[in-house]
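Written below as structure tokens is the structure these notes are about.
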Amino acid sequence: MSSMPMTRLLRFALLLDAAASAATGLLMVGGHAVLSPLLGLPVALLLGAGLVSLPYALGLLVLSRRERIPSALGWAVVGFNALWALESVGILVLGWVQPSMWGLAFVLAQAAAVVVFAELQWWGMRRGRTAHRAALA
């Protein structure tokens, strides 16, 4: 598996994503029962999303500490974030949930944040790939 150097931008993006994922994960796991009626989102959705977010945050933290990143893993993180954002908007568009105004704001805000993380990570991966190619030349 090929790897590339960890760029400062990529490390920053991974750490930012890890912090946000941990914070929202803890919020959803710890407060799903209280948040559900306020947001108009199912308890199972909040709890499930929170339980996915916590190990994801830990994985990002571990990954961010490396000097080199496996290319496939880095691109998988970008893809996972893009998919998460699409699914978040998709559940609204398809009508799978009928959130309150607060719930709509919560889902759209986290989807927008995840898009920003994916974009920063994408740029960080591109910079790492460019640096890797320059080192080989």
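- Transitive grouping of hydrophobic side chains (ILVMFWY, heavy atoms separated by less than 4.5 Å) keeps W122 and L15 in distinct clusters.
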Open item on the list: Go through it in stages, so that I can follow the logic: the residues are M125 and I69, the test is side-chain contact (heavy atoms from CB on, under 4.5 Å), and I'd like the CA-CA distance, side-chain angles, deciding distance and then a yes or no.
Closed with: CA-CA 9 Å; M125 289 295 294; I69 182 169; 4.3 Å; yes
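- The hydrophobic cluster containing L83, built from Ile/Leu/Val/Met/Phe/Trp/Tyr side-chain heavy atoms closer than 4.5 Å, comprises no other residue.
- A side-chain N or O of W84 and one of Q110 form a donor-acceptor pair less than 3.5 Å apart.
- Counting all heavy atoms, side chain and backbone alike, S21 lies closest to S53 at O-CB, 3.5 Å.
- Both V52 and L63 belong to a common hydrophobic cluster when Ile, Leu, Val, Met, Phe, Trp and Tyr are linked at side-chain heavy-atom distances under 4.5 angstrom.
- With hydrogens and angles disregarded, no donor-acceptor distance shorter than 3.5 Å links the side chain of R8 to the backbone of G124.
- Applying the ring pair (Phe, Tyr, Trp, His ring centres under 6.0 Å) rule to pairs touching residues 8-61 yields Y56-F80, sequence neighbours excluded.
- When the side chains of ILVMFWY residues are joined at heavy-atom separations under 4.5 Å, either directly or via intervening members, L51 and L26 end up in a single hydrophobic cluster.
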Task: Residue pair R127, L10: steps toward the side-chain contact (heavy atoms from CB on, under 4.5 Å) verdict - done: CA-CA 9 Å; R127 286 184 182 176; L10 182 55; over 6 Å; no
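- Between atom CH2 of residue W123 and atom CG of residue L9 there is a gap of 9.5 Å, rounded to the nearest 0.5 Å.
- By the rule that hydrophobic residues join a cluster once side-chain heavy atoms approach within less than 4.5 Å of another member, L58 and L54 end up as members of separate clusters.
- Looking at every heavy atom in both residues, V114 comes nearest to N81 through CG1-O, 3.0 Å.
- The backbone N or O of L61 sits less than 3.5 Å from a side-chain atom of S64, completing a donor-acceptor pair.
- Clustering of Ile, Leu, Val, Met, Phe, Trp and Tyr by side-chain heavy atoms under 4.5 Å joins L45 with L27, M28, L35, L38, L39, L41, L46, V89, I91, L92, V93, L94, W96, V97, W102, L104, F106, V107, L108.
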- [ ] Let me see the working for M6 and E67 under side-chain contact (heavy atoms from CB on, under 4.5 Å), right down to the final yes or no.
- [x] CA-CA 5 Å; M6 177 71 71; E67 290 303 315; 5.8 Å; no
